[in-house]
Amino acid sequence: SDHSLLESYKKARYDLRRTIRLAKRNYRDRVESNYRGSELRRMLNGLGAITDYKGGGICDLRLSSSLADELNAHYACFEANNTSPAAKLPVGQESCTPSISVSEVVRSFKAVNPRKTHGPDGIHNQVLRACAIQLAEVFTDIFNLSLRLSVSPTCFKRTTIVPVPKTPAITCLNDYRPVALTSTAMKCFERLVKTHICSSLPVTMDPHQYAYCSNRSTDDAIALTVHSALTHLDRKNTY
């Protein structure tokens with residue numbers, strides 16, 4: 001009868017849900033058991049089971065003793081032919097050299113992200129941010145002297161290159177993306193100089209300039225192009 005079929009259906013549904021709950025509990029216990037020991041392999045297997053990570057392909061990092069020298073020569077070749085000295089201002093135009101104040105350096109140091117990695121100079125971002133007032137006067141003198149002499153300190157120009165594989169299979173040195181770790185103090189110096197340069201641009205800058213401008217992107221350029229085209233088509237006798 002219909003009543004007996006309904007009861008059978010309810011019982012089958014209850015048994016199915018109970019079996020699913022039991023399977024989930026057993027799976028959870030099996031995954032959690034990978035963290036109760038001290039074996040690293042079992043722990044990684046547990047993480048792979050939770051995230052459903054299949055592994056994909058393992059990158060051929062070519063961990064050989066010559067890889068560092070090859071990458072160093074590969075990245076250095078871009079600057080090998082740049083032997084021209086820094087251009088200095090003609091006599092009488094030294095007044096055009098920007099001057100950086102202590103308050104600007106303090107503000108720049110306090111805006112440093114303490115979670116980011118420091119550069120090869122060994123000055124941690126936490127130190128620059130916490131001791132911004134104490135260090136600002138010394139760095140202000142260094143920055144202004146560097147601007148007057150048109151020379152950057154060598155310790156500020158050192159860079160640590162971290163090669164990151166672009167593809168799963170590495171076939172040549174171009175398959176590595178160089179990620180540069182530079183001096184945080186130099187980054188602050190560059191931002192201060194950039195602020196000074198950008199402050200003199202709006203008078204002569206094209207209003208349709210989108211590259212290298214804050215709060216502007218290629219999306220703005222595309223939106224303006226589409227808007228100009230649609231506005232032109234909405235007018236009469238413009239086809």
Side-chain angles (χ1 to χ4, degrees), residues 61-166 170 173-201 211-214:
L61 297 181
R62 296 169 52 208
L63 297 178
S64 62
S65 58
S66 62
L67 177 59
D69 295 333
E70 293 176 6
L71 289 172
N72 187 42
H74 176 68
Y75 295 140
C77 68
F78 299 102
E79 298 292 337
N81 298 326
N82 186 13
T83 57
S84 58
K88 296 185 178 181
L89 290 174
V91 179
Q93 296 187 12
E94 290 82 0
S95 58
C96 299
T97 303
S99 179
I100 297 175
S101 63
V102 177
S103 60
E104 291 175 333
V105 177
V106 172
R107 188 164 53 251
S108 180
F109 282 175
K110 287 187 175 182
V112 169
N113 188 348
R115 294 188 177 93
K116 290 190 175 181
T117 307
H118 62 84
D121 56 1
I123 304 177
H124 291 261
N125 294 2
Q126 294 91 335
V127 175
L128 287 176
R129 182 165 181 169
C131 306
I133 298 177
Q134 292 79 3
L135 298 175
E137 187 173 354
V138 176
F139 277 97
T140 301
D141 294 339
I142 296 174
F143 294 163
N144 287 325
L145 181 62
S146 177
L147 290 173
R148 287 196 299 269
L149 300 178
S150 300
V151 176
S152 297
T154 304
C155 60
F156 285 173
K157 295 189 293 183
R158 290 197 179 100
T159 304
T160 300
I161 302 296
V162 180
V164 179
K166 299 178 184 177
I170 302 299
L173 296 179
N174 282 330
D175 290 338
Y176 290 98
R177 177 181 291 107
V179 178
L181 299 178
T182 57
S183 170
T184 305
M186 187 61 181
K187 291 179 182 178
C188 296
F189 183 28
E190 292 171 350
R191 292 192 190 100
L192 294 173
V193 175
K194 170 182 170 290
T195 302
H196 175 79
I197 295 175
C198 292
S199 63
S200 60
L201 291 180
Y212 310 107
C213 294
S214 59

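Values below: all heavy atoms of this structure, side chains included; hydrogens, waters and symmetry mates excluded.
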[X] side chain to [Y] main-chain N or O, any donor-acceptor pair under 3.5 Å?
X	Y	value
Thr195	Arg191	yes
Asn144	Ile100	yes
Lys110	Ile133	no
Thr159	Leu181	no
Asn125	Lys116	yes
Arg177	Val164	no

Inset, instruction - Supply the atom-to-atom distance Asn113 CG to Lys187 NZ, rounded to the nearest 0.5 angstrom. - result: 10.0 Å
Inset, instruction - First locate atom OG1 of Thr160, then atom CG of Asp121, and finally report the distance between them rounded to the nearest 0.5 Å. - result: 9.0 Å
Inset, instruction - Could you check if a side-chain atom of Phe189 sits within less than 4.5 angstrom of a side-chain atom of Leu147, using non-hydrogen atoms only? - result: yes
Inset, instruction - Please work out whether the ring planes of Phe156 and Phe139 are parallel, tilted or perpendicular, with thresholds of 30° and 60°. - result: parallel
Where [X] and [Y] come nearest, the two heavy atoms and their spacing:
X	Y	answer
Pro114	Arg129	CD-NH1, 3.1 Å
Gly119	Thr184	N-OG1, 4.4 Å
Phe143	Ala185	CZ-O, 3.6 Å
Arg158	Pro120	O-CG, 3.3 Å
Glu104	Ser99	OE1-O, 4.2 Å

Inset, instruction - Count the heavy atoms of every other residue, nucleotide or ligand shown that sit under 6.0 Å from NZ of Lys166, and state whether that count exceeds 12. - result: yes
Legend entry - Greater than 12 external heavy atoms within 6.0 Å of Gln134's CD: yes
Inset, instruction - Please step through side chain to side chain contact (heavy atoms under 4.5 Å, CB included) for the pair Leu145 and Arg148, ending with a clear verdict. - result: CA-CA 5 Å; Leu145 181 62; Arg148 287 196 299 269; 3.8 Å; yes
